[in-house]
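The figures here come from the full heavy-atom set of this structure, side chains too, leaving out hydrogens, waters and symmetry mates.
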2 protein chains.
Amino acid sequence: MPADALSLTFAALADPTRRAILKRLAAGTANVKELSRPFDMSGPAVCKHLRVLERAGLIRRGREAQSRPCQLEPAPLKQVVAWAEGYRAFWDAGFDRLDVYLQKAHAQRRKEVRDARRRKR
Amino acid sequence: MPADALSLTFAALADPTRRAILKRLAAGTANVKELSRPFDMSGPAVCKHLRVLERAGLIRRGREAQSRPCQLEPAPLKQVVAWAEGYRAFWDAGFDRLDVYLQKAHAQRRKEVRDARRRKR
DNA sequence: CTTGCACGTAACCATCGGGTTAGATAGCCT
DNA sequence: AGGCTATCTAACCCGATGGTTACGTGCAAG
């Protein structure tokens with residue numbers, strides 16, 4: 001339960017139900033009843049999922065009469081992509097060469113690290 | 001604990017320690033001892049984290065003497081980005097318009113409700 | 001005012017997740 | 001062989017999560 005934002009976002013996304021809710025919300029705002037329909041679970045369960053999504057900043061809830069419409073808030077998704085993009089170098093074209101390079105570089109570094117540690121004691 | 005791959009990946013990423021491990025592995029393969037050093041926690045804990053990462057397909061483990069080197073496996077990250085990209089329309093250029101549109105639609109609907117009520121009296 | 005509906009909270013239960021310590025297993029080094 | 005090191009497993013603790021049912025709240029409509 002780390003308070004860190006990125007962790008909250010990933011945790012919120014680590015559930016198919018919640019991702020389905022987001023997908024549904026991508027088509028427009030919806031109230032809780034509408035959202036709970038497709039999922040075979042009772043109200044409060046969906047409510048909890050919504051709270052999780054809200055705490056992660058992925059949705060915003062308004063109040064309108066007795067209906068409480070939910071709206072998608074994509075900012076955290078942007079953060080997620082930004083984070084993952086940091087690893088892009090590993091999955092596109094150059095990856096194989098990069099891998100080999102890193103393994104070589106690493107053998108070198110491992111020696112250094114070991115020596116450093118030995119020096120430390 | 002959904003067996004679904006994307007959920008496994010997100011769940012694995014929803015922990016700062018594991019993300020730090022990935023970051024470390026981006027600099028090259030490393031064995032468990034090396035990985036546990038920066039984090040103030042004892043061996044088995046790191047071991048569990050590694051198992052989670054492995055089950056998510058984010059790392060691959062080899063065997064080399066008594067050391068078991070871990071290697072970054074970026075494919076799932078690609079999946080993550082691919083998934084999140086589906087929402088790109090919401091956070092770049094077009095989003096503001098969409099947001100405004102939704103808010104307007106909302107105001108409109110609220111107005112209708114209010115008018116309906118006024119008409120009723 | 002009373003009924004009905006949408007939504008939320010409360011209390012509870014089962015399971016999971018992250019962490020610990022203690023003890024196996026396996027491979028190098030004298 | 002016997003010890004040292006690195007890794008994993010087992011058993012356990014505790015807080016978080018995902019779900020349930022039952023009840024409370026707010027608003028609108030009859």
Of the options C:dC28, D:dG18, D:dT20, whose atoms approach the side-chain atoms of A:R18 most closely? D:dG18
Measure the shortest side-chain to side-chain distance between B:L22 and A:Y87 over non-hydrogen atoms and say whether it is less than 4.5 angstrom. yes
Please determine, for the side chain of A:V32, which listed nucleotide (D:dT5, C:dC7, C:dT21) has the closest atom? C:dC7
Between P of C:dG18 and CG of A:D4, the distance in whole Å: 14 Å
Given D:dG19, D:dT9, C:dT9, which nucleotide is nearest the side-chain atoms of B:R51? D:dT9
On a heavy-atom basis, which atom in B:V46 and which in B:I21 lie closest, and how many Å separate them? CG1-CD1, 4.5 Å
Taking the minimum atom-to-atom distance to the side chain of B:T17, which one of D:dG26, C:dG19, D:dA6 wins? C:dG19
Please report the distance, rounded to the nearest Å, between CG in B:N31 and P in D:dT5. 14 Å
B:K48 side chain: which of D:dA11, C:dT9, C:dC7 is closest? D:dA11
B:M41 side chain, from C-beta outward: closest of C:dG19, D:dA28, C:dG8: C:dG19
If I take atom CG in residue B:L8 and atom P in nucleotide C:dG17, what distance separates them, rounded to the nearest angstrom? 9 Å
Please state how far atom CG in B:L50 lies from atom P in D:dA6, giving the value in whole angstrom units. 15 Å
Side chain of B:P44, heavy atoms from C-beta onward: which of D:dA6, C:dT20, D:dG19 has the nearest atom to it? C:dT20
Starting at atom CZ of B:R68, determine the distance to atom C1' of C:dT25, rounded to an integer number of angstrom. 9 Å
Using 30° and 60° as the class boundaries, would you call the ring planes of A:F10 and B:F10 parallel, tilted or perpendicular? tilted
B:H49 side chain: which of C:dG19, C:dG8, D:dG19 is closest? C:dG19
Using atom CG of A:L35 as one end and atom C1' of C:dG8 as the other, report the distance to the nearest whole Å. 15 Å
Mind calculating the distance between CZ (A:R55) and P (D:dA16) to the nearest angstrom? 10 Å
Can A:V52 be reached from A:L58 by stepping across I, L, V, M, F, W or Y side chains whose heavy atoms are under 4.5 Å apart? no
Measure CD/B:Q66 against P/C:dC28 and give the value in whole Å, please. 6 Å
